[in-house]
Amino acid sequence: MDGPFSRRSLFWIAGITAASLIGALFAAALDEGTVVEVGPSTYSDSALGHSILLEALRRESVPVLVSRSDSAQKAGRRGVLVVAEPRLETAGSTDRLRELARHANVALFVLPKRAGAPDPTEPRFVGSVETLRESDVYDVLRELDVEATVERPESVSDWQSDVFDTRPDLEEPQLVTGRLIEPWIACDEGILLGRILGDDEWPNRHGELQLLLSDPDLLANHGIVRGDNASLVFEILGSLRNNTEDGSIVIDEAMHGHLGQDSFLAELARFPLVLLTCQAIASALFYLWAGVKRFGAPLPARSGLGDDKEALLDNSARLVLSTGRSTAMLKHYLEDSLRQAERRLSRGREVKDRDALIAQLDAIGRRRGVSVDLRALAGEALSLSEVKEAVAQDVTRVAQEIHAWRVEILRER
């Protein structure tokens, strides 16, 4: 072939290029543009983080989206919005949280409780932890338009719930009390999980189902592995998902300072969009495979005159076509086929007239269930035999039809 590369070299270059492109796409999908932190977010693997919850949801094939913008709109009425331990230190965070509370349809709001500093030797993990001031928790309650009192008792009595069978396992829980919070999980000292009710300013809260979780230890990495906390968290989220259209979960990370547009490539690498990604990659690979004309070394070209049976037939056909006598041979082939059938089917009685023979064989063919109309076929063959410049394709087609008639009437293989 012309050009600086052989066909095999081009194939390897195209394959390496495609593999590099796919690898780059997945690398971009895995890089979400976030920094390592120890705070309460899904990006954190520390004791205060929420990465275990995110991984557990994905392993259970729950459709989940980590959102860094417009989280309430993304959840809409189709999914559950989760806002866990929002931070109010950054500019605009108070307005952002208030908008989430105003526009969320089905949501779980988790109050903050702890803050941590990274370990100097291992920045992924927390080195020191402190309990937030109650005033920091009240700031979040105010932006959520929830009037409640924060309680931090040294011990609690038995947990009670009319909604869930599983009970939490918490040390030094943070609770709330308030007349506009309907308790779902509570004890004598306060409410751990409750439904936010309306007030005079916001009587129906737009008809949403919004839950308030007072203690984030229930779903933080260090607490979700205690006792049956993981099962309880899934029960809580399951009850919320039952009130949505498709049961998806949107976890807001904008309130943790992770602002920006969500990575489309990152979502392509996650369930369920990863199924479409795999299908697209497989289709592209099959398309490339289908474009490859051959595998291995090419077969040697056949010489002009071969000595095998197939080559002999091909050479004979070329000679016939080159002489321009194909129409005459078509007539001879028809007559030979008629006489062969006559000898096999007429039981020794020879019919000299060709038209009479055609009529006789056509009648025999109808009795034998032959599908070919011999009269019409013979007429077309004889007409072509009188044309010197007949089209080769027409001659070949009629010859094949004569052969098909012969096979049917003589019941040959």
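Nothing here was measured: the structure is a model prediction, and the numbers come from that model. For the single chain, residues carry numbers from 1 onward in sequence order.
- Here the shortest heavy-atom pairing between P40 and E85 reads CB-OE2, 3.3 Å.
- With sequence neighbours excluded, the residues satisfying salt bridge (Lys or Arg N to Asp or Glu O under 4.0 Å) with E335 are R354.
- With a 6.0 Å radius and a threshold of 12 heavy atoms from other residues, nucleotides or ligands, D162 has its CG atom at or below the threshold.
- Here the straight-line distance linking atom CZ of F234 with atom CG of L53 works out to 6.5 Å at 0.5 Å rounding.
- One finds the CG atom of L410 at 9.0 Å from the CG atom of L361 (value rounded to the nearest 0.5 Å).
- Contact between P123 and V38 at its shortest, heavy atoms only, is O-CG1, 3.3 Å.
- Between L108 and the options L213, V83, L81, a side-chain contact (heavy atoms from CB on, under 4.5 Å) holds for only L213.
- Formation of a donor-acceptor pair under 3.5 Å by the T42 side chain with backbone atoms of H50 is not found in this model.
- Here the side chain of R78 pairs no donor or acceptor atom with the backbone of D246 at under 3.5 angstrom.
- The environment of Q340 atom CD is dense: over 12 non-hydrogen atoms of other residues, nucleotides or ligands sit within 6.0 angstrom.
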- Could you give me the CA-CA distance, side-chain angles and deciding distance for W405 and D373, then say whether side-chain contact (heavy atoms from CB on, under 4.5 Å) is met? CA-CA 8 Å; W405 168 82; D373 186 349; over 6 Å; no
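- Salt-bridge formation is not detected for the pair R167/D158: no Lys NZ or Arg NE/NH1/NH2 atom is positioned less than 4.0 Å from an Asp or Glu carboxylate oxygen.
- Under the rule for a salt bridge (Lys or Arg N to Asp or Glu O under 4.0 Å), the partners of R226 that lie at least two apart in sequence or sit in another chain are D169, E171.
- Considering all non-hydrogen atoms of both residues, G247 and P63 come closest at O-CG, 4.3 Å.
- By the neighbour-count criterion of 12 heavy atoms within 6.0 Å, atom CG of D165 is sparsely surrounded, having that number or fewer from other residues, nucleotides or ligands.
- Taking the side chain to side chain contact (heavy atoms under 4.5 Å, CB included) definition, one finds that S44 meets it with E37, S41, S46, sequence neighbours left out.
- Residue L232 holds its CG atom at 7.5 Å from CG of L192, rounded to the nearest 0.5 Å.
- Annotation for P112 and V137: closest pair O-CG2, 3.5 Å, computed over non-hydrogen atoms.
- Note that CG of L100 is 11.0 Å distant from CG of D95, once rounded to the nearest 0.5 Å.
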- Item | Evaluation steps, side-chain contact (heavy atoms from CB on, under 4.5 Å), between L180 and V146 | CA-CA 8 Å; L180 296 179; V146 175; over 6 Å; no
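- Looking only at side-chain heavy atoms (C-beta outward), L175 and V156 come within less than 4.5 Å of each other.
- A distance of 14.0 Å separates CG in D336 from NZ in K331, rounded to the nearest 0.5 Å.
- By the salt bridge (Lys or Arg N to Asp or Glu O under 4.0 Å) test, E55 pairs with R59, sequence neighbours left out.
- With rounding to the nearest 0.5 angstrom, the CD1 atom of I249 is 11.0 Å from the CG atom of L65.
- For D217, the side chain to side chain donor-acceptor pair (under 3.5 Å) partners are K113, R114, H222, not counting sequence neighbours.
- Every pair passing side-chain hydrogen bond (donor to acceptor under 3.5 Å, both in side chains) that includes a residue from residues 229-241 is listed here, sequence neighbours excluded: T166-E235.
- Checking side-chain atoms of Q210 against main-chain N and O of F109 turns up no donor-acceptor pair under 3.5 Å.
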- Message: Evaluate R195 against L211 for side-chain contact (heavy atoms from CB on, under 4.5 Å), listing each step before the verdict.
- Response: CA-CA 4 Å; R195 179 174 183 173; L211 298 184; 3.8 Å; yes
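- Summarising the geometry of T177 relative to G190, their closest heavy-atom pair is CG2-CA, 3.8 Å, with the distance given to 0.1 Å.
- Under the 4.0 Å criterion applied to side-chain N and carboxylate O atoms, R339 and E342 are assigned as salt-bridge partners.
- Between R142 and D139 there is a salt bridge, with a side-chain nitrogen of the basic residue lying less than 4.0 Å from a carboxylate oxygen of the acidic one.
- V126 and A47 make their closest contact through CG1-CB, 4.2 Å (heavy atoms, listed as atom of the first residue, atom of the second, distance).
- Residues L141 and V150 meet the side-chain proximity criterion, which asks for heavy atoms closer than 4.5 Å.
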- Item | Derivation of the side-chain contact (heavy atoms from CB on, under 4.5 Å) call for Y43 and H256 | CA-CA 10 Å; Y43 300 117; H256 296 142; over 6 Å; no
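- Counted within 6.0 Å of CD on E147, heavy atoms from surrounding residues, nucleotides or ligands total 12 or fewer; the atom is thus considered open.
- In this structure, S214 contributes its side chain and Q174 its backbone to a donor-acceptor pair below 3.5 Å.
- Between the side chain of E408 and the backbone N or O of S371, at least one donor-acceptor pair lies under 3.5 Å.
- Residues V163 and L193 form no side-chain contact, since every pair of their non-hydrogen atoms from C-beta on lies 4.5 Å or further apart.
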